[in-house]
Amino acid sequence: MSAIDDLLVMDKERLKSVKNILVSQPEPSEPNSPYQKLAEKCKVKIDFRQFIEIDPVEIKEFRKQKVNILDHTAVIFTSRNAVDHFFRLATESKIEIPTDMKYFCISETTANYLQKYIVIRKRKIFTGERTAADLLNVIKKHKSEKFIFPCSNIRTEHIPDFLNENGYDWSEATIYRTVASDLSDLDDVTYDVIAFFSPSGIESLLQNFPDFKQNNTRIAAFGPTTSKAVKDAGLILDIQAPLPNAPSMTGALEVYIKEANNL
């Protein structure tokens with residue numbers, strides 16, 4: 001079985017040449033990003049456009065939720081946005097996070113991001129590999145903790161359902177909102193591939209373009225919840241990541257492009 005067999009979800013008749021890609025995230029700030037390397041290596045044009053925007057929950061609204069950060073012994077982080085807004089609200093609330101607070105992060109990338117706010121070598125940090133299921137396997141070993149789960153107004157049910165079903169002591173705090181960006185300027189633009197990273201990105205596409213026709217546009221999705229959102233929207237999922245042979249979105253795109261463009 002070739003690498004492309006792992007990446008293709010639908011029939012190979014949709015395996016067509018790729019000249020341009022739209023990544024539904026902000027353009028990377030680093031000058032030599034994996035996307036730049038992919039563009040140079042495969043000779044494709046890659047554009048970036050943030051499909052969703054993050055609106056902070058203000059301190060007054062946060063207080064109405066009656067969730068006291070200091071009543072908890074552990075924090076569950078599933079994104080860097082959650083990290084940013086958790087520490088923002090702590091600062092605005094004039095709360096100093098205790099040094100013995102434990103942090104449970106969905107991935108090593110999220111865990112490393114904590115160093116923006118704390119000295120991570122002096123803290124107790126636990127990480128999953130990439131998915132909520134990975135993180136839950138770590139949380140299972142710490143049932144005595146009192147968890148706070150800071151999140152967006154849009155989130156999956158995996159972690160709340162697990163905590164409820166297994167009798168954990170926990171609180172949820174909505175600390176930011178995920179809203180659709182205005183994509184009206186893309187109305188007449190067609191890309192060979194659009195890469196998505198969250199169900200919110202799919203929602204933004206359909207909110208901006210309710211009559212969207214996929215036609216020959218290939219859709220790439222990162223993670224199981226994003227892949228499911230693509231299918232639930234009645235769209236064709238052509239490329240998925242991560243997989244053993246392609247742990248990143250750029251890796252998945254490279255495998256596909258090499259096959260589609262005969263590189």
Side-chain angles (χ1 to χ4, degrees), residues 1-52 79-80 106-110 129-131 181 183 185-206 208-209 212-263:
M1 180 180 290
S2 69
I4 197 67
D5 290 314
D6 288 335
L7 289 167
L8 283 177
V9 180
M10 305 304 292
D11 64 81
K12 293 186 180 180
E13 291 182 3
R14 290 180 54 79
L15 184 63
K16 302 179 186 299
S17 176
V18 175
K19 296 180 180 178
N20 51 59
I21 300 169
L22 178 62
V23 176
S24 61
Q25 288 187 330
E27 185 170 359
S29 56
E30 62 268 30
N32 198 24
S33 74
Y35 287 103
Q36 181 179 337
K37 293 178 181 178
L38 176 66
E40 294 171 353
K41 187 174 185 179
C42 296
K43 295 180 171 54
V44 294
K45 184 176 186 293
I46 302 180
D47 292 333
F48 298 87
R49 183 59 182 277
Q50 189 165 348
F51 273 44
I52 58 174
S79 71
R80 289 187 295 181
I106 197 165
S107 67
E108 189 172 338
T109 300
T110 305
E129 293 183 14
R130 274 189 296 267
T131 68
S181 300
L183 306 175
D185 58 303
L186 297 178
D187 194 19
D188 297 321
V189 180
T190 301
Y191 286 89
D192 295 324
V193 177
I194 305 178
F196 292 94
F197 301 83
S198 70
S200 300
I202 302 296
E203 291 177 15
S204 177
L205 173 73
L206 299 179
N208 277 275
F209 310 113
F212 174 76
K213 298 291 188 296
Q214 185 173 354
N215 299 323
N216 289 324
T217 297
R218 270 63 43 85
I219 289 182
F222 190 89
T225 57
T226 310
S227 297
K228 183 177 183 298
V230 172
K231 297 173 184 177
D232 288 348
L235 301 172
I236 299 171
L237 176 60
D238 298 283
I239 307 164
Q240 63 178 5
L243 289 174
N245 66 323
S248 66
M249 177 59 83
T250 50
L253 291 170
E254 181 176 347
V255 171
Y256 184 91
I257 294 168
K258 283 183 174 179
E259 185 79 9
N261 294 9
N262 295 313
L263 298 178

Quick one: closest heavy-atom pair of [X] and [Y], and the distance?
{"X": "Glu13", "Y": "Lys16", "value": "O-NZ, 3.4 Å"}
{"X": "Tyr35", "Y": "Pro28", "value": "CD1-CG, 4.0 Å"}
{"X": "Ser17", "Y": "Arg218", "value": "O-NH2, 3.4 Å"}
{"X": "Ala241", "Y": "Ser248", "value": "CB-O, 3.8 Å"}
{"X": "Ser200", "Y": "Ile52", "value": "O-CG2, 3.6 Å"}

Original post:
Do other residues, nucleotides or ligands put more than 12 heavy atoms under 6.0 Å from Arg80 CZ?
Top reply: no
Give a yes or no answer on whether the side chain of [X] reaches the backbone of [Y] with a donor-acceptor pair at less than 3.5 Å.
{"X": "Arg14", "Y": "Thr217", "value": "yes"}
{"X": "Gln214", "Y": "Ile236", "value": "yes"}
{"X": "Ser24", "Y": "Ala195", "value": "yes"}
{"X": "Ser204", "Y": "Phe51", "value": "yes"}

Atom [atom1] of [X] and atom [atom2] of [Y]: how far apart are they, to the nearest 0.5 Å?
{"X": "Tyr256", "Y": "Gln240", "atom1": "OH", "atom2": "CD", "result": "13.5 Å"}
{"X": "Ile194", "Y": "Ile239", "atom1": "CD1", "atom2": "CD1", "result": "11.5 Å"}
{"X": "Phe48", "Y": "Ile21", "atom1": "CZ", "atom2": "CD1", "result": "9.0 Å"}
{"X": "Leu38", "Y": "Thr250", "atom1": "CG", "atom2": "OG1", "result": "6.5 Å"}
{"X": "Phe212", "Y": "Leu235", "atom1": "CZ", "atom2": "CG", "result": "6.0 Å"}
{"X": "Gln50", "Y": "Leu183", "atom1": "CD", "atom2": "CG", "result": "10.0 Å"}

When you compare the side chain of [Y] with that of [X], does any pair of heavy atoms fall below 4.5 Å?
{"X": "Asp47", "Y": "Asn20", "result": "no"}
{"X": "Asn261", "Y": "Cys42", "result": "no"}
{"X": "Val230", "Y": "Ile202", "result": "yes"}
{"X": "Pro242", "Y": "Phe222", "result": "yes"}
{"X": "Leu186", "Y": "Leu22", "result": "yes"}
{"X": "Lys258", "Y": "Lys41", "result": "yes"}

**OP:** Go through the steps for Arg49 and Val189 under the test side-chain contact (heavy atoms from CB on, under 4.5 Å), then give the verdict.
**Re:** CA-CA 12 Å; Arg49 183 59 182 277; Val189 180; over 6 Å; no
Original post:
Only one of Asp232, Thr226, Thr225 clears side-chain hydrogen bond (donor to acceptor under 3.5 Å, both in side chains) with Lys228; which?
Top reply: Asp232
